[in-house]
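Predicted, not measured: the structure shown is a model, and the values here were computed from it.
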Amino acid sequence: MQAFLSSSIVTNPCTRSFFPRPTTQPQLLVSSVTGARTSAATARRSVQGDGSARCVVTPASSSPAVAAAATEVPEKMKAWAYDEYGDAGVLKLDEAVSVPPVGEDQVLVRVEAAALNPVDSKRRMGKFRATDSPLPTVPGYDMAGVVVKVGSQVKNLKEGDEVYGHISEKVLEGPKQYGSLAEYTAVEEKLVALKPKSIDFAQAAGLPLAIETAHEGLERAGFSAGKSILVLGGAGGVGSLVIQLAKQVYKASTVAATASTPKLELLRCLGADVAIDYTTENFEDMPDKYDVVFDAVGQGDKAVKVVKEGGSVVVLTGAVAPPGFRFVVTSYGSVLEQLNPYLESGKVKPIVDPKGPFPFSQVVEAFSYLETGRATGKVVISPIP
């Protein structure tokens, strides 16, 4: 290990305070000798009294100074790793992990922020061991950071570029042994995209797997303008983006979503026309039917009761009953590039859980929180380290 290691339709319920405001980009200072990083602005969070998230998370941290980042790469790095499957307690911080080699079609990214996903937990517990990478493993799929080295066949990226992405093309089929919960990670050029300048690294890190899952699910369901959708788990990482993509990108006629009482206003701010409080109402008993039901929480048996004839039910977890279907997302940087204009304009907004970003030293605590199933938006680790 040491060597590796309530249901209502609201016309305009939102106030500007729920969304990120334009900010002056704080400068990220990089030492050309040591690579040490300091932020010239203090990240701000917005947590309401009831603990629910607001759409204000942190100021953007892009800076021309990043482009002048030192290209010297150390041989060793800090990373979280595990050499046995189990709960979050198997994770250990190793300060002497080898920096991963860079393939011809890859870039080496100095990670500024990483995000956790439920699949990270399932992988760490050994649920995909048949197709997993060897142990010990540095976990993590989502990241945002700065390119510090490029392979010989890389065509469109260069050192100093700020990028974000999901580092494994397939989540379950041979994921990388060197993941994103480390100072550096190597990733194929085709899997990443330039980071939108209007969002910071922490916000960008929380997007890739969630927004690609939301996008692919809507595409597979044949969602299009004028159709209606119900999102189960609308305040979660995937659900919050399904709402926004359905409304802003696909031009849905009606977007309904479920959440607990404190998170209903967040649903409306994200674009939901109908916010359903699952603590007081059973969506399956309501009269409305939808062209697509996007189930992000494992209620497929109930979801099929509210889909229109000929409609689709996208199921991410739990039992699947017709007309429901499940899929395993494939990572494409081109999808991120396609959606970048919506992120740049603020039409689609990343949501970082208000308990975070968690510092790099609290990865175990962050995983434990993620596994409660109560997170709003994404659980993010930043800065690294």
Side-chain angles (χ1 to χ4, degrees), residues 6-22 45-58 198-199 203 206-207 210-211 214-215 217-218 223 225-297 299 303 306 314 339 342-343 345-355 373-378:
S6 79
S7 170
S8 57
I9 299 179
V10 179
T11 305
N12 184 21
C14 302
T15 61
R16 290 180 58 85
S17 64
F18 271 81
F19 300 107
R21 297 174 180 174
R45 306 173 192 165
S46 181
V47 185
Q48 302 183 85
D50 55 18
S52 59
R54 299 175 67 148
C55 301
V56 176
V57 186
T58 53
S198 60
I199 61 176
Q203 292 168 320
L207 284 168
I211 204 167
H215 178 269
L218 290 168
F223 198 70
K227 290 187 176 182
S228 60
I229 186 170
L230 170 63
V231 184
L232 304 183
V238 174
S240 62
L241 289 162
V242 174
I243 292 171
Q244 296 182 79
L245 295 187
K247 197 73 172 181
Q248 298 295 338
V249 179
Y250 291 86
K251 305 302 181 183
S253 60
T254 302
V255 177
T258 65
S260 59
T261 309
K263 300 176 182 179
L264 296 181
E265 187 69 4
L266 174 62
L267 299 185
R268 298 178 184 119
C269 286
L270 296 175
D273 304 292
V274 182
I276 302 171
D277 187 343
Y278 70 75
T279 68
T280 61
E281 298 175 283
N282 297 319
F283 69 85
E284 69 272 22
D285 296 332
M286 300 174 71
D288 295 325
K289 305 295 182 183
Y290 301 89
D291 294 302
V292 171
V293 181
F294 202 118
D295 174 22
V297 293
Q299 294 184 314
V306 294
V314 184
L339 297 174
Y342 296 94
L343 294 162
S345 68
K347 290 182 177 180
V348 175
K349 303 170 180 64
I351 307 297
V352 176
D353 186 273
K355 289 186 179 295
R374 297 171 183 162
T376 299
K378 295 305 298 288

Query raised in the report: What residue pairs, at least two apart or across chains, pass salt bridge (Lys or Arg N to Asp or Glu O under 4.0 Å) with a residue in residues 228-246?
Result: none

Report summary line: On a heavy-atom basis, the closest approach of Gln299 and Phe283 is OE1-CE2, 3.4 Å

Requested in this report: Locate the shortest heavy-atom distance separating Glu284 from Val306; write the atom from each residue and the value.
Outcome: CA-CG1, 3.7 Å

Query raised in the report: Distance-only, no hydrogens or angles: does the Ser228 side chain make a donor-acceptor pair with backbone N or O of Asp291 under 3.5 Å?
Result: yes

**Report entry** Residues that Lys247 engages under salt bridge (charged side-chain N to carboxylate O under 4.0 Å, His left out), provided they are two or more places apart
**Finding:** Asp273

Requested in this report: Kindly say whether Leu343 contributes a backbone atom to a donor-acceptor pair with the side chain of Ser198 at under 3.5 angstrom?
Outcome: yes

Requested in this report: Could you check if a side-chain atom of Thr376 sits within less than 4.5 angstrom of a side-chain atom of Leu266, using non-hydrogen atoms only?
Outcome: yes

**Report entry** Any pair counted as salt bridge (Lys or Arg N to Asp or Glu O under 4.0 Å), so long as it reaches residues 230-241, sequence neighbours left out
**Finding:** none

Report task. Answer yes or no: is there a donor N or O on one side and an acceptor on the other, between the side chain of Asp353 and the main chain of Lys378, under 3.5 Å? Result -> no

Report summary line: Here the salt bridge (Lys or Arg N to Asp or Glu O under 4.0 Å) pairs for residues 227-237, sequence neighbours left out, are none

Query raised in the report: How would you list, by chain and number, every residue that makes a side chain to side chain donor-acceptor pair (under 3.5 Å) with Thr254, sequence neighbours excluded?
Result: none

Report summary line: dist Phe294:CZ -> Leu230:CG (nearest 0.5 Å) comes out at 11.5 Å

Query raised in the report: What are the two closest heavy atoms between Lys347 and Gln248, and how far apart are they?
Result: O-CG, 3.3 Å

Report summary line: What one should report as the nearest heavy-atom pair of Gly234 and Leu270 is O-CD1, 4.1 Å

Query raised in the report: Do Val249 and His215 have side chains that get closer than 4.5 Å, going by heavy atoms?
Result: no

Query raised in the report: Where the side chain of Thr258 meets the backbone of Gly233, is there a donor-acceptor pair that is under 3.5 Å apart?
Result: yes

Requested in this report: Over all heavy atoms of both residues, which pair between Val314 and Gly217 is shortest? Give the atoms and the distance, please.
Outcome: CG2-O, 3.7 Å

Query - side chain to side chain contact (heavy atoms under 4.5 Å, CB included) partners of Ser260, counting only residues at least two apart - result: Pro262, Lys263, Tyr278, Thr279

Query raised in the report: Looking at residues at least two apart in the chain, or sitting in another chain, which of them share a side chain to side chain donor-acceptor pair (under 3.5 Å) with Asn282?
Result: Asp285

Query raised in the report: What is the distance from atom CD of Glu265 to atom CG of Leu267, rounded to the nearest 0.5 Å?
Result: 9.0 Å

Report, one line per pair, each donor and acceptor closer than 3.5 Å where one atom sits in a side chain of residues 236-245; sequence neighbours left out.
residue	atom	partner	partner atom	Å
Ser240	OG	Gly236	O	2.8
Ser240	OG	Gly237	O	3.2
Gln244	OE1	Lys349	N	2.5
Gln244	NE2	Ser240	O	3.1
Gln244	NE2	Lys349	O	2.9

Requested in this report: Could you pull out all residues at least two apart from Ala246 that satisfy side chain to side chain contact (heavy atoms under 4.5 Å, CB included)?
Outcome: Phe223, Ile229, Ala252, Val255

